[in-house]
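Working notes, structure below.
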Number of protein chains: 2
Amino acid sequence: MDLPPSLLRLDTYVLSKIGKTARARLSERLATRGLRLWHMAVLAALADFGPHIQRELASRLDLHPSDVAKVIDTLVAGGAVERRQDPADRRRVRVDITPAGRSLLGELEHEAGTVRDGILAPLNPSERAELSRMLHRVFDGLHAPGSH
Amino acid sequence: MDLPPSLLRLDTYVLSKIGKTARARLSERLATRGLRLWHMAVLAALADFGPHIQRELASRLDLHPSDVAKVIDTLVAGGAVERRQDPADRRRVRVDITPAGRSLLGELEHEAGTVRDGILAPLNPSERAELSRMLHRVFDGLHAPGSH
DNA sequence: TCCATTCGTAGGTACGCACCTACTATAGGT
DNA sequence: ACCTATAGTAGGTGCGTACCTACGAATGGA
């Protein structure tokens with residue numbers, strides 16, 4: 001039984017469905033480790049940009065500070081990151097990724113790669129590259145004024 | 001403050017973010033009419049395939065039958081569809097779209113078009129067409145075995 | 001006639017996600 | 001010393017979504 005063509009003609013619909021599936025498949029894999037997408041995002045931020053104050057993580061990832069605390073909690077419990085008080089300002093907590101955290105991130109990225117391969121399976125390598133380029137341009141445009 | 005490149009390198013992430021934004025923007029517009037995405041999906045199914053038994057709508061759209069009932073409730077209240085009992089099997093309810101429902105669907109599709117234009121703004125027309133083609137192929141592949 | 005099955009529906013449950021609030025500790029200017 | 005602002009955190013709220021359950025009405029085969 002087919003889906004309505006009227007719906008499929010809307011790129012908005014197709015885009016949201018694909019995105020939802022992508023998200024769901026990745027979430028599912030992270031869940032087997034007791035993690036969510038935010039945990040991965042935090043690890044990636046720490047790996048790419050080095051230690052952060054929690055507030056910086058919140059603003060970089062656009063995540064509420066109280067939720068950052070919770071995400072960090074579980075990462076600390078798993079030994080993937082460590083918290084240490086900033087001696088210069090003892091209100092602040094500097095968060096850094098541990099070697100274990102880096103290797104965890106590597107595994108998560110591998111999982112994400114598998115999910116991507118599954119989703120983009122219908123496309124050949126050059127098409128994937130082309131799609132990826134276009135998606136990035138679209139993504140960059142999302143936060144531009146006027147697109148909304 | 002930039003997002004982590006490690007994250008952006010994952011098409012899975014970008015895809016889910018774009019999809020989420022697309023969904024959010026369309027939902028937002030539908031919400032001004034007291035509708036959700038499912039209402040639009042049901043209208044599209046009725047417009048494309050004609051009247052449905054509620055069970056058929058459920059299986060076509062992969063929506064739980066008890067939720068179909070609720071979606072239809074609000075569409076009936078708005079005069080967009082009508083329910084009538086199937087005389088051959090009085091357990092069944094045939095649902096059909098009304099002229100008002102068709103014009104409503106037209107407006108919703110126009111809204112969806114606006115959302116699409118906003119999101120795909122960074123691309124020129126031929127790129128959009130190319131993206132659309134690829135997205136459809138990807139979408140069709142989602143339900144294929146082995147992609148998961 | 002009886003019984004298992006199917007349809008629609010009301011009501012409730014569970015979960016993820018984003019957000020808010022109140023509180024403690026600390027900082028830094030006046 | 002005082003006052004205001006800031007950092008982190010615990011706990012809770014609200015929303016959307018999906019799912020499940022129980023029930024009455026109707027069907028159709030044994």
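Nothing here was measured: the structure is a model prediction, and the numbers come from that model. Side chains included, hydrogens not; waters and symmetry mates left out as well; all remaining heavy atoms used. Naming convention: chains lettered A, B, ... in sequence-line order (proteins, then strands); numbering from 1 in each chain.
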State plainly whether the residues B:Arg33 and B:Glu111 are in salt-bridge range, i.e. N to O under 4.0 Å.
-> yes
Would you call A:Asp67 and A:Arg36 a salt bridge, using N to O less than 4.0 angstrom?
-> no
Hey, does the side chain of A:Gln85 come within less than 4.0 Å of D:dA7's phosphate (OP1/OP2), counting only N and O?
-> no
Does any donor atom in the side chain of [X] or [Y] lie under 3.5 Å from an acceptor atom in the other side chain?
{"X": "A:Arg94", "Y": "A:Gln54", "answer": "no"}
{"X": "B:Arg91", "Y": "B:Gln85", "answer": "no"}
{"X": "A:His52", "Y": "A:Arg60", "answer": "yes"}

Please give, in whole Å, the distance from [N] [atom2] to [X] [atom1]?
{"X": "A:Leu61", "N": "C:dC17", "atom1": "CG", "atom2": "C1'", "value": "15 Å"}
{"X": "B:Asp86", "N": "C:dG8", "atom1": "CG", "atom2": "P", "value": "10 Å"}
{"X": "B:Arg55", "N": "C:dT5", "atom1": "CZ", "atom2": "C1'", "value": "11 Å"}
{"X": "A:Arg90", "N": "C:dT26", "atom1": "CZ", "atom2": "P", "value": "5 Å"}
{"X": "B:Lys17", "N": "C:dA18", "atom1": "NZ", "atom2": "C1'", "value": "12 Å"}
{"X": "B:Ile72", "N": "C:dC7", "atom1": "CD1", "atom2": "P", "value": "15 Å"}
{"X": "A:Arg91", "N": "D:dA5", "atom1": "CZ", "atom2": "C1'", "value": "8 Å"}
{"X": "A:Asp62", "N": "C:dA18", "atom1": "CG", "atom2": "C1'", "value": "10 Å"}

Mind checking if [X] touches a base, just sugar-phosphate, or nothing, with heavy atoms under 4.0 Å?
{"X": "B:Asp67", "answer": "base"}
{"X": "A:Arg83", "answer": "sugar-phosphate"}
{"X": "A:Leu63", "answer": "nothing"}

Could you work out which one of C:dG11, C:dC7, C:dA18 sits closest to the side chain of B:Ser66?
-> C:dG11
Which residue lies more 5' along DNA chain C, comparing A:Pro87 with A:Trp38 via nearest heavy atoms = A:Trp38
The answer to which of A:Arg23 and B:His64 contacts DNA chain C further toward the 5' end, by nearest nucleotide, is B:His64
Is any side-chain N or O of [X] under 3.5 Å from a base N or O of [N], one able to act as donor and the other as acceptor?
{"X": "A:Lys70", "N": "D:dG11", "value": "yes"}
{"X": "B:Arg92", "N": "C:dG8", "value": "no"}
{"X": "B:Asp89", "N": "C:dC7", "value": "no"}

